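A, B, ... follow the sequence lines: proteins, then strands. Residue 1 opens every chain. Since the structure is predicted, the reported quantities are computational estimates derived from the model, not experimental observations.
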2 protein chains.
Amino acid sequence: MSDTDVLIKRSGLRNTKQRKAILDIIRISELPVTAEDVYLELKKQHIPVNLSTVYRTMETMSECMLIKKLRFLGEEKTFFEYFKAMHRHYLVCLRCKKILPISGCPLKSYEKTLEEKTDYSISGHRLDIYGYCPQCKETDNI
Amino acid sequence: MSDTDVLIKRSGLRNTKQRKAILDIIRISELPVTAEDVYLELKKQHIPVNLSTVYRTMETMSECMLIKKLRFLGEEKTFFEYFKAMHRHYLVCLRCKKILPISGCPLKSYEKTLEEKTDYSISGHRLDIYGYCPQCKETDNI
DNA sequence: CTACATGCAAACCGTTTGCACCCTA
DNA sequence: TAGGGTGCAAACGGTTTGCATGTAG
């Protein structure tokens, strides 16, 4: 029984071939993926699956906190990444759309301050940084 | 000639009744609005306009940097706000979806550091903070 | 008077859903 | 063998587009 099997079972989900394959793909990918990415990868691996199953599975898994939903500016599609305890931010190239993970989060103490100031209960934040990668910043931006 | 007229002309756009009315609505609103919000407000003011015109106009204006596009987590719709030089972040209530503007940005110096570390040319960031507002945090969250 | 703007309706595209069938536990 | 999972096709909802008409400059 693989790690992936354990993760699925522990979440109270039935362990089907499709779910295992989907979670494997998301876990292995070091970058966020879309439902379509996962679907195409499954096809490439000759694992029979329907796009709607991919959507349903990824929705279920994100409710179970196995994976996390992400959205980037100017991208109409929803991305997903494996749920790591340690949260991450990304630097996205506005020209080639390359996604670069950033280490560390600059907002830890800021959230506490804000909580006191606003009387909200802060549960988290979304931070993405945009710019041009070393390759793209050389060429005429825009 | 109103401020709004000047803004539109300065962007090289033709100054139609619809554009003026749309930009007025976005400028006056202190919170981000959706295309539908604007459309409904125009109807309320008895200004004849088509939804597709609203979308087209808001797209054009955001290309001209008159307004800015925003997206919030869990919201399928695109929001727009008037383009102010000073950028802003929002604290969004996960339960009632209320949007609270936050003063100040905690990321000024961080971007410089990151630029040096990654060799990217950073153009900006998106930061939204999520939590529960004073009212909603009292009731059972979720 | 002409190039840009608008209205209308239809297309689009990512995502969701209803329902019958399938298969894990 | 029962209840969750899947495939299929159709619907959905926000947004975009093609085309004919209108209007600002």
Side-chain angles (χ1 to χ4, degrees), chain A residues 1-2 4-25 32-40 42-43 45-64 66-67 69-80 97, chain B residues 1-2 4-25 32-40 42-43 45-64 66-67 69-80 97:
Chain A
M1 190 144 122
S2 74
T4 307
D5 293 318
V6 175
L7 285 166
I8 292 171
K9 296 221 166 180
R10 206 162 53 193
S11 300
L13 301 176
R14 289 203 179 166
N15 192 10
T16 66
K17 178 173 52 180
Q18 291 87 341
R19 286 192 174 159
K20 179 171 161 38
I22 290 170
L23 187 52
D24 268 335
I25 290 170
V33 292
T34 64
E36 203 189 358
D37 292 338
V38 172
Y39 177 69
L40 293 175
L42 289 165
K43 287 287 167 196
Q45 298 179 15
H46 304 101
I47 296 169
V49 71
N50 190 277
L51 224 204
S52 66
T53 300
V54 177
Y55 276 110
R56 260 191 291 231
T57 301
M58 290 168 85
E59 182 61 35
T60 305
M61 289 183 176
S62 92
E63 279 161 13
C64 294
L66 279 170
I67 63 179
K69 271 190 192 177
L70 307 172
R71 302 222 40 154
F72 297 109
L73 220 77
E75 296 273 8
E76 5 38 295
K77 298 185 188 176
T78 302
F79 285 73
F80 293 84
K97 307 286 182 188
Chain B
M1 189 142 122
S2 74
T4 306
D5 292 319
V6 176
L7 285 166
I8 292 171
K9 296 222 165 183
R10 204 160 57 190
S11 300
L13 302 176
R14 289 202 179 165
N15 191 10
T16 67
K17 178 173 52 181
Q18 290 87 340
R19 287 192 172 159
K20 179 171 161 39
I22 290 169
L23 188 51
D24 268 335
I25 289 170
V33 292
T34 64
E36 202 187 358
D37 292 338
V38 172
Y39 176 70
L40 294 175
L42 289 165
K43 287 285 165 195
Q45 297 179 16
H46 305 101
I47 296 169
V49 73
N50 190 277
L51 224 205
S52 67
T53 300
V54 177
Y55 277 109
R56 259 190 292 231
T57 301
M58 289 167 86
E59 183 61 35
T60 305
M61 287 182 176
S62 91
E63 279 162 13
C64 293
L66 279 170
I67 63 180
K69 270 190 192 175
L70 306 173
R71 303 225 37 158
F72 297 110
L73 221 76
E75 296 274 8
E76 3 39 295
K77 299 186 187 174
T78 303
F79 285 74
F80 294 83
K97 308 285 180 188

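Protein atom CZ of A/R14 is 4 Å distant from nucleotide atom C1' of D/dG4, rounded to whole Å. At whole-Å resolution of the value, CZ in A/R71 and P in C/dG14 are 11 Å apart. For B/K69 and D/dG14, the NZ to P distance is 16 Å, given to the nearest whole Å. Rounded to whole Å, the distance from OH on A/Y39 to P on C/dC13 is 16 Å.
Side-chain atoms of A/T16 and base atoms of C/dC23 include no donor and acceptor less than 3.5 Å apart. Between the side chain of B/R19 and the base of C/dA5, no donor-acceptor pair of N or O atoms lies under 3.5 Å. Contact annotation: side chain of A/R56 to base of D/dG4, donor-acceptor pair absent below 3.5 Å.
A/P32 and A/L70 make their closest contact through CG-CD1, 3.5 Å (heavy atoms, listed as atom of the first residue, atom of the second, distance). Contact between A/A35 and A/L51 at its shortest, heavy atoms only, is O-CD2, 4.4 Å. Across all non-hydrogen atoms, the minimal contact from A/I22 to A/V54 is CD1-CA, 4.0 Å.
A close approach under 4.0 Å does not occur between any side-chain nitrogen or oxygen of B/Q18 and OP1 or OP2 of D/dT23. Contact annotation: A/N50 side-chain N/O to D/dC8 OP1/OP2 distance is under 4.0 Å. Put simply, A/Y55 has no side-chain N or O that comes within less than 4.0 Å of OP1 or OP2 on C/dT16.
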Starting from the C-alpha separation in whole Å, work towards a yes-or-no answer on side-chain contact (heavy atoms from CB on, under 4.5 Å) for B/I8 and B/T16. CA-CA 9 Å; B/I8 292 171; B/T16 67; over 6 Å; no
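Across all strands shown, A/E36 has no heavy atoms under 4.0 Å from either base or sugar-phosphate atoms. B/T78 comes within 4.0 angstrom of sugar-phosphate atoms only, judged by non-hydrogen atoms across all strands, and of no base. Among the atoms of the strands shown, none is found under 4.0 Å from any heavy atom of A/T60.
Summary of the strand contacts: B/T57 and A/K9 both lie near DNA chain C, and taking for each the nucleotide with the nearest heavy atom, the more 5' one is attributed to B/T57. Between B/P48 and A/E59, the one whose closest nucleotide on DNA chain C sits nearer the 5' end is B/P48.
Take A/Q45 and apply the side chain to side chain contact (heavy atoms under 4.5 Å, CB included) test, not counting sequence neighbours, and it matches A/I25, A/E41, A/I47.
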